[in-house]
> 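Structure provided below as structure tokens; questions to follow.
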Amino acid sequence: MERFTICLAGHNIGIESRFETSRLFFADYIVSDSNIEITATVSDEEIEKTVASVPGISRESAELTGLYRPIAEALPSFGGFVFHGAAISYGDDGYIFTAPSGTGKTTHIRMWKKHLGKKVDIVNGDKPIITVEDDGVYVHGTPWAGKERWQKNRSVPLRGICLLHRGDRNFACSAEADELIPFLFSQTYLSSDSAVAGRTMELLDMMLERVSVCSLYCDISEDAVKCSFETLCKLNYDDHKTGAAEKMKIKKGFVLRDIAGQAVATATGEASESFRGMIKLNSTARDVWVWLDEGKSPEEISVLLSDKYNVPRESTFADVTEMIEKMEKAGFLEL
């Protein structure tokens, strides 16, 4: 059994793991301090239950998933809770984008990095910890960071939360209570223990007294970044955007091939270790792939598709948005 200590959100946690590889997963958070406040371990029964219920998951991954549960159960007594969202910082301030899986959190963060440059940094891409403290509300990095593994061992003051929705135009508004409360509950780890769940709800209420929350309806254009940036940061976008935005592109190792008249995407070299098999692309998806690989922006691609197929730009932009989100979910894209 592997035993070591990690520090999350300022609290020392004793990890007990069956697998040596767990040290790699927690590497950025391991500390030498032996003063343990929370102990995290997973039973064989819990691991086997997860393996049986999640197709393709390894016992190692099942254990890592399970190790977050006792931590999430204990955090409310220390003034914190686990939240499902993508946390970033702009300068010294933190912001969280949250939405149901597949809505486009990762895409929107990539667009922030693309248009706002190096002042944008990742805190955690999937399951950060939020703490409510005497001097403010903070968001903390954790190693549970989704398939992109976007995470850093850092903490920043939480200044705003953005509820993301897909939209045909870009606009932001204050989140209404009838939307806000159930949405935040669905994104927050709530214990089956009524006392722990009650404490979590108290912390959520305290957080909402100090942190602004908005709803953003958006596509994947630069205007979407402008809208969310100005709403969350209360700054003029044109004064802060980078002069030369980075381009979204196909990750190294992913290639497009035509096989018997069918366009397919597959992985080679190191990329094949994380992606096996192939994905068939129709003619439109093939065009999007090729133009992304050439360094064209989503806006440029939508214009090219509109000209090629003689359809309205609004329609092609929606198609490009959907295809890019699918490519991102499959792990094909990077900045």
Side-chain angles (χ1 to χ4, degrees), residues 86 88 97 99 102-120 148 162 164-173 215-232 236-258 261-266 278-335:
I88 64 169
F97 294 95
T103 303
K105 299 186 297 294
T106 303
T107 301
H108 198 75
I109 287 177
R110 289 187 191 276
M111 298 294 285
W112 267 54
K113 289 177 69 66
K114 170 183 174 181
H115 293 291
L116 292 162
K118 294 181 179 179
K119 288 192 73 175
V120 178
E148 291 88 5
C162 182
L164 278 180
H165 308 268
R166 290 181 182 175
D168 296 328
R169 61 189 182 92
N170 299 300
F171 69 96
C173 57
S215 287
L216 174 69
Y217 295 81
C218 64
D219 51 30
I220 59 169
S221 66
E222 182 179 359
D223 187 55
V225 178
K226 178 178 180 179
C227 186
S228 62
F229 177 79
E230 292 187 342
T231 301
L232 289 170
N236 184 282
Y237 173 75
D238 291 331
D239 293 337
H240 294 270
K241 68 179 181 179
T242 57
E246 296 178 80
K247 296 288 187 178
M248 193 178 293
K249 60 185 178 183
I250 306 297
K251 279 184 181 178
K252 182 180 179 181
F254 288 96
V255 296
L256 180 68
R257 295 284 186 264
D258 288 305
Q262 171 68 60
V264 296
T266 188
M278 60 179 63
I279 294 179
K280 294 180 180 180
L281 305 178
N282 62 23
S283 58
T284 304
R286 185 187 189 284
D287 289 337
V288 172
W289 180 289
V290 170
W291 286 326
L292 280 174
D293 206 31
E294 292 175 355
K296 291 182 170 56
S297 69
E299 294 90 344
E300 292 170 328
I301 292 172
S302 66
V303 172
L304 289 167
L305 285 175
S306 178
D307 292 343
K308 181 174 181 178
Y309 294 102
N310 194 28
V311 294
R313 182 183 176 278
E314 293 77 11
S315 175
T316 59
F317 195 84
D319 290 340
V320 172
T321 299
E322 182 178 357
M323 277 182 264
I324 286 177
E325 287 175 352
K326 287 180 178 179
M327 288 179 180
E328 257 192 325
K329 191 172 182 179
F332 293 159
L333 299 182
E334 66 181 358
L335 278 177

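The basis for the numbers below is simple: all heavy atoms, side chains too, and nothing from hydrogens, waters or symmetry mates.
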> Which value, rounded to the nearest 0.5 Å, describes the distance between L304 atom CG and Y309 atom OH?
11.0 Å
> Please identify which of these residues, D168, N170, V320, T107, meets the side chain to side chain contact (heavy atoms under 4.5 Å, CB included) condition with D219.
N170
> Quick one: pull up CG in D223 and CZ in F171 and give me the separation to the nearest 0.5 Å.
12.5 Å
> Can you check whether F97 reaches T106 side chain to side chain, under 4.5 Å on heavy atoms?
no
> Do the non-hydrogen side-chain atoms of H165 and S215 ever get within less than 4.5 Å of each other?
yes
> Do K119 and L116 make a side-chain contact, defined as non-hydrogen atoms from C-beta onward lying under 4.5 Å apart?
no
> Got a second to check how far N282's CG is from Q262's CD, nearest 0.5 Å?
8.5 Å
> Can a side-chain donor-acceptor contact be found between T242 and H115 if the only test is distance below 3.5 angstrom?
no
> For N310, does the CG atom have more than 12 heavy-atom neighbours from other residues, nucleotides or ligands under 6.0 Å away?
no
> So do the side chains of F254 and T266 get within less than 4.5 Å of each other, counting heavy atoms only?
no
> Whether the side chain of E230 engages the backbone of N236 through a donor-acceptor N/O pair (distance < 3.5 Å, no angle test) should be reported.
no
> Would you compute the distance between atom CG of L216 and atom OG1 of T231 and round it to the nearest 0.5 angstrom?
7.0 Å
> Taking the side chain as C-beta and beyond, is there a heavy-atom pair between I301 and L292 under 4.5 Å?
yes
> Step by step, would you call M323 with W289 a side chain to side chain contact (heavy atoms under 4.5 Å, CB included)?
CA-CA 9 Å; M323 277 182 264; W289 180 289; over 6 Å; no
> Please check if atom NZ in K251 has more than 12 non-hydrogen atoms from other residues, nucleotides or ligands closer than 6.0 Å.
yes
> Could you give the distance from CG (D258) to CG (L281), rounded to the nearest 0.5 Å?
9.5 Å
> Is F229 close to K226 at the side-chain level, that is, under 4.5 Å between some pair of heavy atoms?
no
> Does the K105 side chain pair with the main chain of A99, one donor and one acceptor, at a distance under 3.5 Å?
yes
> With the side chain counted from C-beta on, respond yes when T284 and R286 share a heavy-atom pair under 4.5 Å apart, and no when they do not.
no
> Passes side chain to side chain contact (heavy atoms under 4.5 Å, CB included), L305 versus V311? Steps please.
CA-CA 8 Å; L305 285 175; V311 294; 5.9 Å; no
> Would you mind reporting whether L164 and H108 have side-chain heavy atoms less than 4.5 Å apart?
yes
> Could you give me the CA-CA distance, side-chain angles and deciding distance for Y217 and C227, then say whether side chain to side chain contact (heavy atoms under 4.5 Å, CB included) is met?
CA-CA 9 Å; Y217 295 81; C227 186; over 6 Å; no
> Rounded to the nearest 0.5 Å, what's the gap from CG on L256 to CZ on F332? Could you check?
10.0 Å
